[in-house]
Amino acid sequence: MSYFIVFVATFIISSRLDLFYENITGVSLMPQYHAITIFYIVFCAFFFSYKTNLVYKNLSIPQYKYFKISIFLTCMIMSIGAFFPYTINQNDFLSILHVACSMFGCISFLTHLFIYTRFLSLYRADIYLRIHWFYDIALQFLVILLLVFTRVNGYIEIFYSFIVCMYLYCIEKNL
């Protein structure tokens, strides 16, 4: 149920502006949604971090402590990115830092899931065979969307949320 709530919240927040031309950062520039979007981004960072940490912990791999640190750092960097203001049509340091922290966090969560999937193929091949296809196809589709839209917009953020939530749910359901 928590995954569904995160996905619906992503859809609701992203749809406050035009999904094709804006993203959650654009919504956060609106005064009435500023605090809500910052809270939402920090909540998602901690939620994805907690759930990713749980699935790594359940796999019992020897390198778990390094992944735990890496997942925590990803969460912190993504959360920090939410607090830096983004200004449209200006290339100031805080805007660049916002984009760098946000993109690093999103890509890092996808990378952690990719690495987890590969560990799954070694330690739990039965689960890997049931669920890896979803992540592989979804990741390819996400890259195609990025190439077609040439920017991160609301549609891509909604699809990103769908990928992470659905894949973590599939992993938890099959463990």
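Heavy atoms only: backbone and side chains are in, while hydrogens, waters and symmetry mates are out.
- Among the candidates Tyr86, Phe83, Phe104, Phe93, the single residue satisfying the ring-ring contact (aromatic ring centres under 6.0 Å, His included) test with His98 is Tyr86.
- Taking the six-membered ring for Trp, Phe20 and Phe149 have ring centres closer than 6.0 Å.
- His112 and Ser70 are linked by a side-chain donor-acceptor pair at a separation below 3.5 angstrom, with hydrogens and angles left out of the test.
- The closest side-chain donor-acceptor pair between Arg118 and Tyr128 falls under 3.5 angstrom.
- Note: Tyr3 and Phe47 have perpendicular aromatic rings, judged against thresholds of 30 and 60 degrees for the angle between ring planes.
- For the residue pair Asn174 and Ile127, the shortest heavy atom distance occurs at O-CD1, 3.3 Å.
- Between Cys165 and Lys51, the closest side-chain pair of non-hydrogen atoms is not below 4.5 Å.
- For an aromatic pair to be called close, the ring centres must be under 6.0 Å apart, and Tyr167 with Phe114 fails this.
- Aromatic ring orientation, Phe119 versus Tyr56: perpendicular (interplanar angle above 60°, classes split at 30° and 60°).
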Go through it in stages, so that I can follow the logic: the residues are Phe4 and Tyr169, the test is side chain to side chain contact (heavy atoms under 4.5 Å, CB included), and I'd like the CA-CA distance, side-chain angles, deciding distance and then a yes or no.
CA-CA 10 Å; Phe4 183 72; Tyr169 173 75; over 6 Å; no

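- A donor-acceptor pair shorter than 3.5 Å can be found between the side chains of Asn53 and Tyr64.
- For the residue pair Tyr40 and Ser28, no side-chain donor N or O sits within less than 3.5 Å of a side-chain acceptor on the partner.
- For Val27 against Ile13, the heavy-atom pair with the smallest separation is CG2-O, 3.3 Å.
- In this structure, CG in Leu122 is found 10.0 Å from CD1 in Ile61, a value given to the nearest 0.5 Å.
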